[in-house]
Participant: 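Below you will find the structure I want to go over with you.
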2 protein chains.
Amino acid sequence: MSASQLPAKSSAEAAPLAQFQRIRSSRAFDEIAAQIRTELASGRLAVGSRLPSERALSEQFGVSRNTLREALRSLEHAGLIRLQKGARGGAFISQHSGEAIATGLMDMYHVGTIQPAQLTEARIWLESIVVREACRRATAADIDMLNRNIDEAQEARRRGDFASRAERHIEFHRMLARLTDNPIMVIVMNGVLDVLAHFVQRIGEYDNSFVLPSRRRFMEHFAAGDADAAVAEMESCLKRLQRSYMSRIQAAEGAPAAKAASRARRNPPAAQR
Amino acid sequence: MSASQLPAKSSAEAAPLAQFQRIRSSRAFDEIAAQIRTELASGRLAVGSRLPSERALSEQFGVSRNTLREALRSLEHAGLIRLQKGARGGAFISQHSGEAIATGLMDMYHVGTIQPAQLTEARIWLESIVVREACRRATAADIDMLNRNIDEAQEARRRGDFASRAERHIEFHRMLARLTDNPIMVIVMNGVLDVLAHFVQRIGEYDNSFVLPSRRRFMEHFAAGDADAAVAEMESCLKRLQRSYMSRIQAAEGAPAAKAASRARRNPPAAQR
DNA sequence: CTTTGGATTTTGGTTCAACCATTCTACTTT
DNA sequence: AAAGTAGAATGGTTGAACCAAAATCCAAAG
């Protein structure tokens with residue numbers, strides 16, 4: 001492979017591998033992450049390309065491998081790189097990102113920066129945009145897809161499967177967001193819906209028998225291309241849901257232990273104040 | 001989230017019927033970060049409280065200090081903790097977050113997941129919400145603040161200070177977002193504006209002589225509480241700006257720029273095949 | 001000839017034991 | 001009492017070593 005780095009100084013290769021400079025300020029890994037970000041922003045590092053191995057990179061930057069790894073950790077968490085073990089592995093520039101935004105919103109909720117009322121409020125605002133734009137762009141196939149989702153939700157309701165029904169309902173909104181064909185709306189809406197799903201799971205079952213009839217009415221307007229009516233129907237439904245959430249939240253305020261964490265705890269808990 | 005894996009078809013071998021998931025978290029620091037997040041979500045770790053020192057934590061988790069540090073790095077990047085050196089230093093649960101979302105959007109833009117046209121499109125949509133809600137909530141003091149901002153922008157324009165004028169214009173939109181009093185809108189709008197500012201700075205000066213008159217008209221409607229008219233004025237202004245941006249970026253597109261100006265790479269450079 | 005199975009190599013994941021730089025505390029000196 | 005300084009606590013960094021997974025190569029089996 002031509003990309004192999006040998007200690008022997010060969011002349012500059014034509015490969016897109018960047019020449020990184022030595023770092024200077026405190027917190028070397030911040031500098032390193034910033035330099036790699038700069039390379040990425042400049043276009044010299046395209047999606048799919050592979051950074052040199054940790055050992056090679058740490059030598060290029062003139063830092064230890066541990067420090068370099070902390071920089072990579074930061075970039076990986078941001079969704080910019082994906083790390084792969086084994087021969088031919090390494091750090092690959094990744095496309096998706098987006099996930100970091102969803103977890104960011106979730107963190108803000110957990111830490112109390114976002115209150116439930118603000119969450120549902122923003123959701124209603126965003127949804128009005130999404131519906132309007134989705135209505136403008138939806139094809140017949142898209143409308144079929146949405147109708148299928150409603151059928152599935154109805155089937156889940158018939159079975160008394162609350163979890164599945166809730167999941168279908170949320171998936172409906174994700175579909176609408178995707179129909180806008182705008183990654184910002186998709187990402188933000190997905191993040192908000194993630195938090196909302198978490199929130200709904202915490203407050204438990206609630207009365208949403210009015211949702212399915214509303215969905216049917218919504219789809220009539222939507223299929224007819226009547227964006228205003230579709231938005232109005234959706235907004236009315238969401239506001240009713242919001243009232244339902246808010247009335248339930250006082251009850252759930254006391255016991256926040258509703259997390260079905262299936263994760264295996266093999267180590268002592270981290271808590272200590 | 002929403003990551004539907006495509007099952008590799010055509011594997012004719014006798015595979016078990018069940019769909020097994022890929023084992024993921026063999027990485028200790030992921031487990032650690034998840035545990036700390038869980039503690040945070042459960043409310044046992046409040047904002048401002050301090051985690052044990054790295055040395056103590058690594059002992060509690062039964063991992064080396066380096067591994068623990070990689071976990072902390074991930075949490076720090078997310079904005080959940082703030083690290084402080086020296087005696088009485090350590091990892092403190094932090095409030096703000098939000099920054100991670102802005103950098104996430106910026107990353108998505110740099111990596112090409114968000115195209116300039118989609119950026120300005122989403123911005124116009126979001127702004128319509130912001131204006132409507134800000135109009136509903138603005139006090140006389142808020143209106144004064146906005147008017148002051150316009151005066152400053154006009155002053156900057158008189159001096160021919162393009163950078164300052166652009167900064168004032170963007171600050172105007174940040175103010176409006178804050179007036180919604182909804183952290184989600186503030187965070188998302190701030191992130192979008194960050195990217196937009198970066199984008200505008202890249203394409204250089206442009207004709208925006210129409211912005212200030214539009215702002216004055218906007219403020220008339222806004223102060224009168226006429227949200228519809230305010231939204232319409234803002235939208236018209238932003239769409240004109242958008243056309244200006246797009247015409248400039250196409251000009252930059254045509255010339256074979258020295259620095260990789262655009263990155264709409266349809267064919268991702270195959271990752272070392 | 002193809003297939004299988006295991007050694008080999010490459011690479012990320014982890015550990016350990018130190019040292020440095022910064023910051024706060026507490027004690028000593030003036 | 002004020003000022004200065006020694007020390008301790010804590011994050012930041014280092015370098016060498018080993019482990020585990022994944023791709024490759026190669027020889028033996030069919």
Side-chain angles (χ1 to χ4, degrees), chain A residues 1-7 17 22-36 49-77 80-94 266-267 272, chain B residues 8 11-14 20-36 49-77 80-94 270-273:
Chain A
M1 209 4 133
S2 63
S4 61
Q5 249 96 356
L6 299 180
L17 277 191
R22 269 188 106 83
I23 53 91
R24 44 191 191 286
S25 101
S26 66
R27 283 166 64 102
F29 57 82
D30 274 346
E31 284 280 330
I32 294 173
Q35 277 194 42
I36 296 180
S49 60
R50 174 178 167 277
L51 292 172
S53 74
E54 292 184 351
R55 290 162 176 89
L57 271 179
S58 65
E59 196 173 343
Q60 275 191 57
F61 281 111
V63 301
S64 80
R65 205 180 138 212
N66 282 320
T67 301
L68 188 270
R69 275 177 64 80
E70 293 195 24
L72 292 186
R73 196 66 48 228
S74 172
L75 294 173
E76 188 202 16
H77 184 270
L80 279 176
I81 61 176
R82 165 180 46 90
L83 295 162
Q84 208 169 317
K85 259 204 273 197
R88 318 289 295 165
F92 294 85
I93 305 299
S94 165
R266 35 167 230 208
N267 285 316
Q272 167 173 331
Chain B
S11 72
E13 51 190 65
F20 293 115
Q21 326 181 22
R22 212 168 174 78
I23 300 298
R24 209 57 194 103
S25 82
S26 65
R27 305 188 330 172
F29 57 81
D30 274 345
E31 282 280 330
I32 294 174
Q35 279 194 40
I36 296 180
S49 61
R50 174 178 165 278
L51 291 172
S53 73
E54 293 183 352
R55 291 165 176 86
L57 272 179
S58 64
E59 196 172 341
Q60 277 190 53
F61 281 110
V63 300
S64 80
R65 208 181 136 211
N66 281 322
T67 300
L68 180 101
R69 274 176 64 81
E70 293 195 22
L72 292 185
R73 197 63 49 227
S74 166
L75 294 173
E76 188 201 15
H77 179 88
L80 279 176
I81 61 176
R82 164 180 48 91
L83 295 163
Q84 207 169 317
K85 260 204 273 195
R88 316 287 284 193
F92 294 86
I93 306 297
S94 165
Q272 317 251 35
R273 234 4 28 199

Participant: Please tabulate, one pair per line, each protein N/O and nucleotide N/O from nucleotides 6-11 of chain C that are separated by under 3.5 Å, including the distance.
Facilitator:
from: C:dT10; atom 1: O2; to: A:Ala87; atom 2: N; distance (Å): 2.7
from: C:dT11; atom 1: OP1; to: A:Arg50; atom 2: NH2; distance (Å): 3.1
from: C:dT11; atom 1: O4'; to: A:Gly86; atom 2: O; distance (Å): 3.1

Participant: Of the nucleotides D:dG15, C:dT14, D:dT13, which one has an atom closest to the side chain of A:Asn66?
Facilitator: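 The nucleotide sitting nearest to the side chain is D:dG15.
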Participant: Quickly work out the A:Leu68 CG to C:dT14 C1' distance and round it to whole Å.
Facilitator: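 Rounded to the whole Å, the gap is 16 Å.
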Participant: Just the rounded figure in Å: distance from P of D:dT13 to CZ of B:Arg73.
Facilitator: 8 Å
Participant: Indicate yes or no: at least one non-hydrogen side-chain atom of A:Pro52 is less than 4.5 angstrom from one of A:Leu57.
Facilitator: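 Of all side-chain heavy-atom pairs linking A:Leu57 with A:Pro52, at least one is under 4.5 Å.
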Participant: Taking atom CZ of B:Arg88 and atom OG of B:Ser53, what is their separation to the nearest 0.5 Å?
Facilitator: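 These two atoms lie 13.0 Å from each other.
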Participant: What's B:Arg82 touching, base or sugar-phosphate or nothing? Going by heavy atoms closer than 4.0 Å.
Facilitator: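 Contact class for B:Arg82: none.
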Participant: Write down the distance between CD (B:Glu31) and P (C:dT14), rounded to a whole number of angstrom.
Facilitator: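 Value for this atom pair: 10 Å.
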Participant: Measure the shortest side-chain to side-chain distance between B:Phe61 and B:Gln35 over non-hydrogen atoms and say whether it is less than 4.5 angstrom.
Facilitator: yes
Participant: Please report, rounded to the nearest Å, how far the P atom of C:dT22 is from the CZ atom of A:Arg27.
Facilitator: 14 Å
Participant: Please report the distance, rounded to the nearest Å, between CG in A:Leu83 and P in C:dT14.
Facilitator: 11 Å
Participant: Measuring from the side chain of B:Thr67 (C-beta onward, heavy atoms only), which nucleotide among C:dT14, C:dG13, D:dT13 has the closest atom?
Facilitator: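 From the listed options, C:dT14 comes nearest.
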Participant: Rounded at 0.5 Å granularity, tell me how far CZ in B:Arg69 sits from CD in B:Glu54.
Facilitator: 4.5 Å
Participant: Between the base of D:dG12 and the side chain of B:Arg65, is there any donor-acceptor pair under 3.5 Å?
Facilitator: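 A donor-acceptor contact between them is present.
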Participant: Going from CG on B:Leu72 to CG on B:Leu68, what distance comes out if it is rounded to the nearest 0.5 angstrom?
Facilitator: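 Here the interatomic distance stands at 4.5 Å.
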Participant: Rounded to whole Å, please give me the gap between CG in A:Asp30 and C1' in D:dG11.
Facilitator: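 It is 13 Å, rounded to the nearest whole Å.
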Participant: Among the nucleotides D:dT14, D:dG11, C:dG12, which one has an atom lying closest to any side-chain atom of A:Ser64?
Facilitator: D:dT14
Participant: Whole angstroms only, please: what is the CZ-P distance between A:Phe61 and D:dT13?
Facilitator: 13 Å
Participant: What residues, two or more places apart in sequence or in another chain, satisfy side chain to side chain donor-acceptor pair (under 3.5 Å) together with B:Arg55?
Facilitator: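 Side chain to side chain donor-acceptor pair (under 3.5 Å) check on B:Arg55 returns nothing, list empty.
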Participant: Could you give the CD-to-C1' distance, from B:Glu70 to C:dG12, as a whole number of Å?
Facilitator: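 In whole Å, C:dG12 C1' and B:Glu70 CD are 10 Å from each other.
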Participant: Could you tell me whether the side chain of B:Arg65 reaches within less than 4.5 Å of the side chain of A:Asn66, counting heavy atoms only?
Facilitator: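 Heavy-atom side-chain distance check fails, nothing below 4.5 Å.
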